[in-house]
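Single-structure report; data block below.
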Amino acid sequence: MGNTVTCCVSPDASPKLGRARGGAGGAAAGPERWADAYQAAPSGGGSGSAEADSGDSEPGGGGGPHLQHISDREFPDDLALESNPSDHPRASTIFLSKSQTDVREKRKSNHINHVSPGQLTKKYSSCSTIFIDDSTVSQPNLRSTIKCVTLAIFYHIKNRDSDRSLDIFDEKSHPLTREEVPDDYYKHDPDHKHIYRFVRTLFSAAQLTAECAIVTLVYLERLLTYAEIDICPSNWKRIVLGAILLASKVWDDQAVWNVDYCQILKDITVEDMNEMERHFLELLQFNINVPASVYAKYYFDLRSLADDNNLSFLLEPLSKERAQKLEAISRLCEDKYKDLSKAAMRRSFSADNLVGIRRSNAILS
């Protein structure tokens, strides 16, 4: 974080990577450390947030700047929830709409040129065998999810509207490696494999989960919408890194600290990571909340993106043991909703059914 020393003092203090190296690191729990860090975040240097600039602090100057909870804040008129896919479950995701242009052109080209789809590699269920994949909204498959998220980033870059950016994310001003950045670095769009390798390296080294990848995409689209910038060849690495850094801290109780990313990306400094994270948060207006409905929307839109681009999830035959487990879960859900429906019926009895209602004797004490 920008001005907290607890998350970037020593590599051995990391609660996650420290375990892999044998260091237990007795740091505070993730949510407590996270809350403390963001309570102090706007008081650091730089532009700061609106609350920090206004000097709204406790009387006598004894405490830090007062920050409202995100649920108590009002969004500006130009950031209506209905227009932001990262905030509203009914708004269409940006990456899926940007990918549709390429999908339609590919289908049209195949139709005009009479291109055969070739041998079907996708498995389909039959009367004797049911094929399912191991990816669900609550437990997504890591490899498939990262592939879909990086494909969404690829379409963001390829079909961007312009090249609006900020200096903090520019790779020329803030390089991630000691290698000299080419003068034409902003002209060449990265391909999907390049983006996938970059993200996969970070997720593998930091031991991040598939859910974190989905939240990363939510934060990325929220940044592009709030800050009114575009993800392009000159800034995509730092924007993606900032989104991963933030998502890992919000999602994981034992988050990877900034200093650990400096060990993965050998040439970046802790100060640079702190500054980038602080700017990322300010541009998000400290809105790090991801509702379950928004998360589910992004998950299923990523699956639609995979289908449109032939990125099939790994299918396997439904085993007897897994079928029994699914049946048990389904029965529990069915019983739960049956009880809820009965309660709703009791609350909505009409006058015709009043005769049949049992009355309990009141106990007066």
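One-based numbering along the sequence shown.
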Output yes when Glu327 and Arg331 qualify as a salt bridge under the 4.0 Å nitrogen-oxygen rule, no when they do not. yes
Closest non-hydrogen atom pair, Leu176 against Asp267: O-CB, 3.7 Å
Check whether more than 12 heavy atoms from other residues, nucleotides or ligands sit under 6.0 Å from atom CD of Glu180, and answer yes or no. no
Heavy atoms of other groups near Lys325 NZ, more than 12 under 6.0 Å: no
Does CG belonging to Asp167 count more than 12 external heavy atoms closer than 6.0 Å? yes
Between CG on residue Leu305 and CD on residue Gln100, distance to nearest 0.5 Å: 8.5 Å
Reference residue Glu282; test side-chain hydrogen bond (donor to acceptor under 3.5 Å, both in side chains); the match among His279, Arg278, Gln285: Arg278
Using the six-membered ring wherever Trp is involved, compare the ring planes of Trp236 and His194 and label them parallel, tilted or perpendicular (cut-offs 30° and 60°). perpendicular
When rounded to the nearest 0.5 Å, the distance separating NZ of Lys158 from NZ of Lys98 is 12.5 Å
Say whether, by atom type as modelled, one donor and one acceptor occur between the side chain of Asn235 and the main chain of Phe169 under 3.5 angstrom. no
Looking at Arg160, I want to see if its CZ is surrounded by more than 12 non-hydrogen atoms of other residues, nucleotides or ligands under 6.0 Å. yes
Spacing of Phe300 atom CZ and Leu96 atom CG [to the nearest 0.5 Å]: 13.5 Å
When rounded to the nearest 0.5 Å, the distance separating CG of Asp307 from CG of Leu302 is 11.0 Å
For the backbone of Lys172 and the side chain of Asp170, can you confirm whether one donor and one acceptor N or O come within less than 3.5 Å of each other? yes
